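Have a look at the structure below before the remarks.
What you see is a predicted model; the values in this text were computed from it and never measured.
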Amino acid sequence: FFLMIRRPPRSTQSRSSAASDVYKRQEVEDFIKDQCPQGIFSRMSFIGHSLGGLIIRAALPHLTQFKDKMFTYISLSTPHLGCGYDASFMIEKGISLLQRWKSCECLTQLTMTDHSELDETYLYKLSKYQGLSWFKNVCLVSSFQDFYAPFESARISFNPKSLKNKIDAALFHTCLLYTSPSPRDS
């Protein structure tokens with residue numbers, strides 16, 4: 001069976017990320033009820049591309065009743081550690097222009113500018129969420145040719161270029177790397 005998470009209704013979009021996460025959980029639960037009326041299924045896998053990988057990670061803590069059924073998590077070019085570093089000049093200017101033109105919560109979260117304290121940013125909090133360690137298989141796909149999701153960010157690995165930024169940003173990325181759950185942490 002295949003479920004593609006749809007865009008939340010407008011009433012949910014204007015609310016917080018938590019309301020959107022509840023919507024995603026409800027969508028997964030409804031899908032299971034429709035496809036498996038007796039609730040009998042052996043495993044659950046997720047594939048996310050770009051922001052979809054982060055959306056899946058944000059929904060996982062709301063799916064604890066299924067944690068024993070989690071099988072495979074695949075993320076394709078998902079910026080797990082954000083897009084605040086190692087971006088091309090064009091991408092940096094594009095993000096800057098979009099942020100000035102239209103206030104976009106997603107862009108401020110991806111550049112980790114959604115809070116003045118780095119440990120209060122959305123991506124930092126997401127790195128502490130449970131769920132990724134429930135999967136038997138985790139596959140993080142990245143590409144040097146991807147100009148949107150930095151290579152190391154998509155792989156949840158340390159980026160030496162972050163050391164060239166301010167010291168707290170380097171410490172933050174290192175902290176994200178060590179606090180992001182791995183499949184071996186279960």
Side-chain angles (χ1 to χ4, degrees), residues 1-8 17-18 20-36 39-88 91 95 105-107 109-112 121-159 162 173-186:
F1 299 110
F2 176 75
L3 164 68
M4 184 167 144
I5 299 287
R6 295 179 298 273
R7 186 178 194 174
S17 296
S20 183
D21 295 344
V22 169
Y23 171 79
K24 292 174 204 98
R25 180 201 69 215
Q26 189 62 50
E27 193 167 357
V28 170
E29 289 174 351
D30 290 346
F31 178 79
I32 290 169
K33 285 178 192 171
D34 292 344
Q35 300 299 320
C36 306
I40 300 171
F41 62 98
S42 60
R43 58 189 184 186
M44 190 181 259
S45 296
F46 292 90
I47 300 173
H49 173 255
S50 193
L51 289 178
L54 294 176
I55 290 168
I56 293 166
R57 285 187 63 188
L60 289 175
H62 304 285
L63 298 170
T64 56
Q65 69 270 35
F66 305 115
K67 75 180 190 177
D68 295 334
K69 303 209 184 264
M70 299 297 178
F71 187 68
T72 300
Y73 170 84
I74 300 173
S75 77
L76 307 168
S77 296
T78 297
H80 295 282
L81 301 181
C83 295
Y85 62 89
D86 199 23
S88 71
I91 298 299
I95 288 173
E105 183 179 14
C106 175
L107 287 177
Q109 290 172 344
L110 285 174
T111 57
M112 294 175 281
T121 62
Y122 180 76
L123 284 180
Y124 181 83
K125 290 179 180 180
L126 181 64
S127 74
K128 300 230 179 247
Y129 284 8
Q130 59 177 318
L132 201 55
S133 62
W134 300 336
F135 292 95
K136 306 255 185 295
N137 307 295
V138 175
C139 179
L140 308 172
V141 179
S142 61
S143 169
F144 282 118
Q145 296 171 333
D146 186 345
F147 296 111
Y148 299 105
F151 183 73
E152 289 85 2
S153 181
R155 292 181 22 205
I156 312 179
S157 64
F158 181 70
N159 178 7
S162 65
H173 284 293
T174 303
C175 189
L176 268 177
L177 173 62
Y178 291 114
T179 61
S180 290
S182 73
R184 293 174 291 279
D185 294 339
S186 53

task: Evaluate side-chain contact (heavy atoms from CB on, under 4.5 Å) for E152 paired with L81, printing each intermediate quantity in order.
output: CA-CA 8 Å; E152 289 85 2; L81 301 181; 5.6 Å; no
message: To the closest 0.5 Å, what do you measure between CG (L123) and NE2 (H80)?
response: 10.5 Å
field: Non-hydrogen atoms of V141 and A154 that approach each other most closely
entry: O-CB, 4.0 Å
query: Shortest non-hydrogen contact from F151 to S143?
result: CD1-C, 3.6 Å
query: Given the rule in the side-chain contact (heavy atoms from CB on, under 4.5 Å) test, do L126 and Q109 qualify, once you have shown the distances and angles that lead to the verdict?
result: CA-CA 11 Å; L126 181 64; Q109 290 172 344; over 6 Å; no
- prompt: Can you name the nearest heavy-atom pair linking S77 to A149, along with the distance?
  reply: O-CB, 3.3 Å
More than 12 heavy atoms from other groups under 6.0 Å of CD on Q65: yes
task: Start with the C-alpha distance between H62 and V28, add both sets of side-chain angles, then the distance that settles side-chain contact (heavy atoms from CB on, under 4.5 Å), and finish with yes or no.
output: CA-CA 10 Å; H62 304 285; V28 170; over 6 Å; no
- request: Using the six-membered ring wherever Trp is involved, compare the ring planes of Y73 and F135 and label them parallel, tilted or perpendicular (cut-offs 30° and 60°).
  value: tilted
field: CZ-CZ distance between F41 and F66, expressed to the nearest 0.5 angstrom
entry: 5.0 Å
query: Taking atom NZ of K69 and atom CZ of R43, what is their separation to the nearest 0.5 Å?
result: 12.0 Å
message: I need the S75 OG to I156 CD1 distance, nearest 0.5 Å.
response: 6.5 Å
message: Main chain of N137, side chain of T72: is a donor-acceptor contact present, judged purely on distance under 3.5 Å?
response: no
query: Could you give the distance from CD1 (I47) to OG1 (T78), rounded to the nearest 0.5 Å?
result: 11.5 Å
message: Let's go through W134 and D68 carefully: what are the C-alpha distance in whole Å and the side-chain angles of both, what is the deciding distance for side-chain contact (heavy atoms from CB on, under 4.5 Å) to 0.1 Å, and is it a yes or a no?
response: CA-CA 7 Å; W134 300 336; D68 295 334; over 6 Å; no
- prompt: Parallel, tilted or perpendicular: which describes the rings of Y122 and Y129, with under 30° parallel and over 60° perpendicular?
  reply: perpendicular
task: Identify the two heavy atoms, one from I32 and one from M44, that lie closest to each other, and give their separation to 0.1 Å.
output: CD1-CE, 3.1 Å
message: Working to the nearest 0.5 angstrom, can you tell me the gap between S127 OG and R57 CZ?
response: 7.0 Å
